[in-house]
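Numbers for residues simply follow the sequence, beginning at 1.
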Amino acid sequence: MSKETKVKLTMTDEQRDGQSVSVLSMGQQELGYVRPDGDRFVAVVSAGAETDRFRNEDDAVNFLIATFHLHQH
């Protein structure tokens, strides 16, 4: 049986390339960032050039978490 592990994620606002983005981090490790694109949100994974567009910021954040978790195993 596996034990549950609590992980603390933080989201901070930063300026990158002249745009305001929300950076998602776990401790000192950056998972990626979310930037607005018109009425959508673009999620950019830090480990690569993988990006995707979403209708809301929550979906973009969930994508970053799922992608990070997928590449950890």
Side-chain angles (χ1 to χ4, degrees):
M1 185 173 261
S2 65
K3 292 183 178 182
E4 286 188 31
T5 304
K6 293 189 179 192
V7 177
K8 184 176 180 181
L9 297 174
T10 57
M11 189 167 220
T12 57
D13 292 330
E14 293 182 12
Q15 288 288 328
R16 294 195 180 174
D17 299 326
Q19 279 189 311
S20 179
V21 298
S22 297
V23 179
L24 185 65
S25 302
M26 181 176 65
Q28 295 295 324
Q29 186 173 10
E30 182 179 312
L31 279 66
Y33 64 90
V34 177
R35 66 175 169 82
D37 184 27
D39 63 340
R40 305 260 179 180
F41 292 88
V42 175
V44 180
V45 179
S46 292
E50 189 174 344
T51 63
D52 212 342
R53 289 176 45 138
F54 298 91
R55 289 182 186 238
N56 60 51
E57 191 173 26
D58 287 340
D59 289 343
V61 169
N62 286 332
F63 169 77
L64 290 176
I65 294 168
T67 302
F68 177 79
H69 181 69
L70 177 67
H71 292 290
Q72 290 300 306
H73 297 282

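Under a 3.5 Å cut-off, the side chain of Asp37 and the backbone N or O of Arg40 do not form any donor-acceptor pair.
For Glu30 and Ser46, the side-chain atoms include at least one donor-acceptor pair closer than 3.5 Å.
No side-chain heavy atom of Tyr33 sits less than 4.5 Å from a side-chain heavy atom of Val42. Between Val23 and Arg16 there is a side-chain heavy-atom pair separated by less than 4.5 Å. Put simply, the side chain of Val61 reaches to within 4.5 Å of the side chain of Leu24, judged on heavy atoms. The shortest distance between side-chain heavy atoms of Met11 and Glu57 falls below 4.5 Å. Contact of the Gln29 side chain with the Phe68 side chain is registered, since non-hydrogen atoms from C-beta on lie closer than 4.5 Å.
Rounded to the nearest 0.5 angstrom, Leu31 CG and Leu9 CG are separated by 6.5 Å. If you take CZ on Arg35 and CG on Asp17, they are separated by 9.0 Å, rounding to the nearest 0.5 Å.
A cation-pi contact, defined as under 6.0 Å to the ring centre and within 45° of the axis, is absent between Arg55 and Phe41.
Across all non-hydrogen atoms, the minimal contact from Gly32 to Leu64 is C-CD1, 3.9 Å. Between Ser22 and Asp13, the shortest heavy-atom distance links the atoms OG-OD1, 3.1 Å. The minimum heavy-atom distance linking Ala60 with Phe54 is given by the pair CA-CD1, 3.6 Å.
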